[in-house]
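Numbered from 1 within each chain, the chains take letters A, B, ... in sequence-line order.
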Amino acid sequence: MQFIISIGREYGSGGHEIGRHLAERLGVDFCDRNMLDRIAEEKDTSAENLRKYDETPKRFLLSRTVRGFSNSPEEIIARMQFEYLEKKAKSGESFIVVGRCAESVLKDCEGLISLFITGDEDAKIDRVAEHRSMTRDQAKMAILRHDKKRKAYHNYYCEGKWGDSRNYELTINSSKLGIMGTVDILEQYIRLRTQ
Amino acid sequence: MAQIIALVIFVAMFVLIVTDKIERHYVTLGCGLLTLILVFGVCMRDPAAIMNTLNVKPIFTLDFWYAPHAEGEESGGINWATIIFIAGMMIMVEGMARAGFFRWLCMKLAKLVHYKTIPVFVTFMLMSFVLAMFIDSITVILFLASVTIELSRLLKFDPVPMILSEVFCANLGGSATMCGDPPNIIIGTSLGYSFFDFILNTGAMAVIALVFTLIYFYLVFRKQYSTPSENIDISALPSPESCITDKKGFALSTVIFLIAVVMLVTHSMTHLTVAFIGVFVSLATVLANTRHLGYIMKRVDYKTLLFFIGLFVVVGGLEQTGVLETVAGFIGKISGGNSKLMIAIIIWGSAVASAFIDNIPFAATMIPVIKTLAVSSGVPLDTLAWALSMGTDIGGSGTPIGASANVVGTSAAAKAGHPIGWGEYCSKAAPATVIVLAVCTAYIFVVYL
């Protein structure tokens, strides 16, 4: 049975790491920004050209749409990723995808399990400070900045709001059980759901 | 009060167009409706102003179709000649595109220069310039960019420099003729200029500027294209003939296009108006494509036509309430009667404005302004018109959002995996824009003043 797990996440919640562990345990492909490498390969171009626009909100006033052609690189790259996900889903393959509005883009897929990973503020600050070698204040600012960006990106393309629990099948706070504890519980949940 | 409301509606329209959140034809139509109701209805209580702005009556006069004494549109408001002409050309172009004309032309020229990168680069710039003289720049770039990307994959070169140069040349080519760029059509039909008037004035400037443009882009991009690609299998390239999807349609659409060019070039002698030419070419295309009519009509860009209608009403509101006379008075005052300064303000001011906002509403707004300026300052209207035309047409080349061709070109590049940011775009196109504007300013100063 095909299953697709979409993981929305707050910055610092460990959502990406949780997704990677789940993919390893379930033996399925893991899609994050590596999607751009595959898209670049298909288009015979360099992924470097595409990466700076990954999961970036469209910049208003700096782009226009003419006869349905938008020249916002952010929007074009986002839509390329959405198309890639749709194509992958249609192929029947099971996979895990982090971010990229996947819970909305793939909402019509029968096997979709949409998750959102949140976390306690202190735990997120500690995690970001440790992983990025930052002070706590810098980490707090980075979290605010990244979450603002993710929210703007998500809410431009999706009807449901980013992080709103009504848009996701399961919303979980990774600070309570830790990263691996959260992975364990999610793995059990997914196995039950896909039986 | 009417002036204030007309101005508020106009500013709101511009802001909504720039923010790009609502499709621009809804914006202009909504603002146009508000102008009719609030400005003419509630404030002015003037049904005549509404009729003047809707401007339907002239369509039923002989002069609208056949004008032995070209004088331009007598009243402001909706410029139906522009709308009918653009609609006709859109239908003709869709007929040509369906038959594979543009793709065939691109592939044919690429083959003629043996698919060598630098010759393809120069040829495509020239083709972009020439095609955009007669066909809207969006269509030109849609096809040219797509073929450029296709060739770049097979011949292993970076398509971005070529697309940037093609876009720039399309805007420049559009400035050369009356039908090349919407601002020119509006200027021509509003002020009664012919295709020939444009060719002799803006056309001359555009051709001189083209020489500078070719040299500039060659110098800027030559290094990227100087290394010949290896292991290229030319047999993998599609033959020009394979691009033709319908031989009969191809022949007919080519003939219709050539007739359109002849009619445009000679319309000052035949006295057939651009509205007549628009209707003629559209009818000819319809008759030549009876079996594909649905396909062609579906692809016509009705949104742009509706955008024009709403836009003309909003600008009509400014004109009827005298706001534009105030703007003209302001320009006259700051230039202190110095005609060179006035021309410089118009050409460079239009260019800066067009680099960031849509040049079509800007040109439509400025026409009544230059009419007033010509009367009050004594500077010939023609000179002001050419300055406005070159400023609005060329200024748009400076940024990725300045002109429709830029948007379509950068969009096509990004979809092919080559996103072009503002920095990259402006670093290459803005200097070229400044060079061309400087050439045009010098030309106007020397030839007309």
In terms of ring plane angle, is the pair A/Tyr153 and A/Tyr157 parallel, tilted or perpendicular, where the classes change at 30° and 60°?
-> perpendicular
inquiry  = Before you tell me yes or no, could you show the steps for A/Glu159 and A/Asn167 under side-chain hydrogen bond (donor to acceptor under 3.5 Å, both in side chains), namely the whole-Å CA-CA distance, both residues' side-chain angles and the distance that decides it to 0.1 Å?
reply    = CA-CA 9 Å; A/Glu159 276 180 30; A/Asn167 292 325; over 6 Å; no
Before we go on, tell me: are the rings of B/Phe307 and B/His25 under 6.0 Å apart, centre to centre? no
Honestly, the part of A/Leu62 sitting under 4.5 Å from a heavy atom of chain B is both
Cut-off 4.5 Å, heavy atoms of chain A, and the answer for B/Ile420 is backbone
When the 4.5 angstrom heavy-atom criterion is applied to A/Ile39 and chain B, the contacting part is neither
So, the part of B/Lys415 with a heavy atom under 4.5 Å from chain A: the answer is both
Bottom line for A/Ser70: the part with an atom under 4.5 Å from chain B's heavy atoms is backbone
Of the listed B/Thr399, B/Asp301, B/Val408, B/Thr304, the one with the largest count of heavy-atom pairs under 4.5 Å with chain A is B/Asp301
From the list B/Arg153, B/Glu23, B/Lys303, B/Arg24, the residue making the most non-hydrogen contacts under 4.5 Å with chain A is B/Arg153
Residue from B/Ala416, B/Ala413, B/Ser152, B/Ala412 scoring the most non-hydrogen pairs under 4.5 Å with chain A is B/Ala416
Q.
Over 60° means perpendicular and under 30° means parallel, so tell me whether A/Phe116 and A/Tyr168 are parallel, tilted or perpendicular.
A. tilted
When A/Thr194, A/Leu170, A/Ile4 are each screened for side-chain contact (heavy atoms from CB on, under 4.5 Å) with A/Ile113, the one that passes is A/Thr194
Whatever's closer than 4.5 Å to a heavy atom in chain A on B/Ile138 counts as side chain
Show your reasoning for whether side-chain hydrogen bond (donor to acceptor under 3.5 Å, both in side chains) applies to A/Glu17 and A/His131.
CA-CA 12 Å; A/Glu17 196 180 337; A/His131 281 250; 4.9 Å; no
Residue from A/Asn71, A/Leu36, A/Thr45, A/Leu61 scoring the most non-hydrogen pairs under 4.5 Å with chain B is A/Asn71
Run the numbers on A/Tyr11 and A/His16 for ring pair (Phe, Tyr, Trp, His ring centres under 6.0 Å), then give the verdict. CA-CA 9 Å; A/Tyr11 190 69; A/His16 186 270; over 10 Å; no
Checked A/Arg64, A/Arg59, A/Met80 vs chain B; the most non-hydrogen pairs under 4.5 Å come from A/Arg64
When you measure from the side chain of A/Asp120 to the backbone of A/Ser175, do you find a donor-acceptor pair of N or O atoms at a distance under 3.5 Å? no
Cut-off 4.5 Å, heavy atoms of chain A, and the answer for B/Ala403 is backbone
With chain B, the option among A/Ala40, A/Pro73, A/Ser63, A/Gly68 that has the most non-hydrogen atom pairs under 4.5 Å is A/Ser63
